[in-house]
Engineer: 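I'd like to ask you about the structure that follows.
When reading the values below, keep in mind they use all heavy atoms of this one structure, side chains included, and skip hydrogens, waters and symmetry mates. Computed from a predicted structure; not experimentally measured.
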Amino acid sequence: AYEIYQCDWSSDVCSSDLWRRASLTQMHSASLAYGQALQLLNILRDTPQDLALGRCYWPQTELTARGYSPEQLKAAVMSHDETTLQGIWPLMMEQGERIRMGLSKGVAYSSAIGPWRLRAASALPALIGLRTLQEIEAAGPKAWLKPVKVSRRFRSEEHTSELQSH
């Protein structure tokens, strides 16, 4: 599932003269991490809606290791069981760190692209993703009780500061 958002197409389709500061091997590695991070973020953000529809994309082994099942997670979200949501939250934040690292690689990936329009278009999902992750983390387990949605409209100075900080 992670490869749905994999940005690897650019490494194979575009010529290497697009990349200013990285080899194709580095770009491939960064694009894979970037794609996985975007997919994991969607899973984290969409968990309540997915559970309501009978879908759980969290690895069963990770849930089981913490004493939970997809059914328990669904019941906790549907009933607003804060105790269970608080108990499972550390697993979600472990994934949050993985997401943050992958999105940071996405910013590095984007920064290595020469043409500025392609660079900006490639960086936008990372910037929106970082903002979404911040909102989820700020909301804590309650993020699953009210969906987090981040506007795609940013002021240009926010773009610049976020790109420079990653």
Engineer: Taking the side chain as everything from C-beta on, heavy atoms only, tell me whether Leu63 gets closer than 4.5 Å to Ser69.
Structural biologist: no
Engineer: Do you reckon Leu38 sits in the same ILVMFWY cluster as Met101, going by side-chain contacts under 4.5 Å, direct or chained?
Structural biologist: no
Engineer: Test your reading of the model: is there a side-chain donor-acceptor pair from Tyr57 to the backbone of Asp50, 3.5 Å cut-off?
Structural biologist: no
Engineer: Would you compute the distance between atom CD of Gln72 and atom CD1 of Ile88 and round it to the nearest 0.5 angstrom?
Structural biologist: 9.0 Å
Engineer: If you round to the nearest 0.5 Å, how far is CD1 of Ile43 from CD of Gln95?
Structural biologist: 8.5 Å
Engineer: For residues Leu41 and Gly129, report the shortest heavy-atom separation together with the two atoms involved.
Structural biologist: CD2-CA, 3.3 Å
Engineer: Atom CG of Leu85 and atom CG of Leu73: how far apart are they, to the nearest 0.5 Å?
Structural biologist: 7.0 Å
Engineer: What is the distance from atom CD1 of Ile136 to atom CD1 of Ile99, rounded to the nearest 0.5 Å?
Structural biologist: 7.0 Å
Engineer: Should Leu133 and Arg100 count as side-chain neighbours, where that means a heavy-atom distance under 4.5 Å?
Structural biologist: yes
Engineer: Quick one: closest heavy-atom pair of Arg119 and Ile113, and the distance?
Structural biologist: NH1-O, 2.8 Å
Engineer: Listed by chain and number, what are the ring pair (Phe, Tyr, Trp, His ring centres under 6.0 Å) partners of Trp58, not counting sequence neighbours?
Structural biologist: none
Engineer: Identify the heavy atoms of Ala123 and Ser110 that sit nearest to each other, and give their distance.
Structural biologist: N-OG, 3.2 Å
Engineer: Work out which heavy atom in Thr132 is nearest to a heavy atom in Val148; give both atom names and the distance.
Structural biologist: O-CG1, 4.1 Å
Engineer: Sequence neighbours excluded, which residues qualify as salt bridge (Lys or Arg N to Asp or Glu O under 4.0 Å) partners of Glu82?
Structural biologist: none
Engineer: Salt bridge (charged side-chain N to carboxylate O under 4.0 Å, His left out): which pairs involve residues 56-74, sequence neighbours left out?
Structural biologist: Arg66-Glu94
Engineer: When you measure from the side chain of Ser122 to the backbone N and O of Leu118, does any donor-acceptor pair fall under 3.5 Å?
Structural biologist: no
Engineer: May I have the step-by-step check of side chain to side chain contact (heavy atoms under 4.5 Å, CB included) for Leu103 and Leu127, ending in yes or no?
Structural biologist: CA-CA 8 Å; Leu103 293 176; Leu127 298 175; over 6 Å; no
Engineer: Starting from the C-alpha separation in whole Å, work towards a yes-or-no answer on side chain to side chain contact (heavy atoms under 4.5 Å, CB included) for Leu51 and Cys56.
Structural biologist: CA-CA 6 Å; Leu51 290 170; Cys56 182; 3.9 Å; yes
Engineer: On a heavy-atom basis, which atom in Gly87 and which in Tyr68 lie closest, and how many Å separate them?
Structural biologist: CA-OH, 3.4 Å
Engineer: Which heavy atom of Pro125 sits nearest to which heavy atom of Tyr34, and what is that distance?
Structural biologist: CB-OH, 3.5 Å
Engineer: Calculate, to the nearest 0.5 Å, the distance between atoms CG and CG belonging to Leu53 and Asp46 respectively.
Structural biologist: 10.0 Å
Engineer: Atom CG of Leu44 and atom CZ of Arg98: how far apart are they, to the nearest 0.5 Å?
Structural biologist: 12.5 Å
